[in-house]
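Here the structure is a predicted model, which means the values were calculated and not measured.
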Amino acid sequence: RVQLDGTRSVLAALEERRERLTVRAAHAEARVREASTDQERVSAMFETYRIESALDDVLTGTMKQLASLMKDRGLR
């Protein structure tokens, strides 16, 4: 039961972070489309890249947590 709750917690945290990053990414992508100068466009593109990188970090961290939970259960 504790392991199941741990898994649910990890997955819920992933979903929450993914949702926040998705909203941020949508705003950054809108800024890219609406930019009136190259500087604004480049700035928005960099922000989009930072958000995508943050999502990669979240996914990597989540995978490590899930792998640890699996190891604790003797599955890995």
Side-chain angles (χ1 to χ4, degrees):
R1 172 91 180 151
V2 171
Q3 293 165 342
L4 184 59
D5 289 342
T7 302
R8 284 185 180 139
S9 176
V10 168
L11 293 174
L14 169 63
E15 179 61 18
E16 179 184 322
R17 290 179 189 134
R18 186 197 63 79
E19 286 177 9
R20 281 187 283 151
L21 290 170
T22 299
V23 168
R24 285 180 54 203
H27 284 94
E29 290 169 359
R31 283 183 50 215
V32 170
R33 288 189 305 274
E34 297 166 1
S36 58
T37 67
D38 287 341
Q39 182 177 358
E40 289 174 350
R41 192 172 297 106
V42 169
S43 175
M45 288 298 297
F46 275 120
E47 178 64 14
T48 300
Y49 174 77
R50 283 190 290 272
I51 294 166
E52 289 173 353
S53 179
L55 180 57
D56 290 345
D57 292 344
V58 167
L59 290 172
T60 300
T62 301
M63 289 301 296
K64 287 179 182 178
Q65 289 176 312
L66 291 173
S68 177
L69 289 169
M70 289 174 66
K71 184 178 178 184
D72 291 347
R73 291 193 60 204
L75 297 174
R76 198 157 193 231

Identify the heavy atoms of [X] and [Y] that sit nearest to each other, and give their distance.
X	Y	value
L69	V10	CD1-CG2, 4.1 Å
T48	E29	OG1-N, 4.0 Å
E40	R31	O-NH2, 4.4 Å
I51	A28	CD1-CB, 4.0 Å
A44	V32	CB-CG2, 3.4 Å

How far does [atom1] of [X] sit from [atom2] of [Y], to the nearest 0.5 angstrom?
X	Y	atom1	atom2	result
T7	M70	OG1	CE	9.5 Å
E19	L14	CD	CG	10.0 Å
T60	K64	OG1	NZ	6.5 Å

Is there a donor-acceptor pair under 3.5 Å between the side chain of S43 and the backbone N or O of Q39? no
With sequence neighbours left out, write down each residue that passes salt bridge (charged side-chain N to carboxylate O under 4.0 Å, His left out) with [X], or none if nothing qualifies.
X	result
R8	D5
E15	R18
E16	R20

Side-chain contact, heavy-atom cut-off 4.5 Å: L11 with L66?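 The answer is yes; the side chains approach within 4.5 Å.
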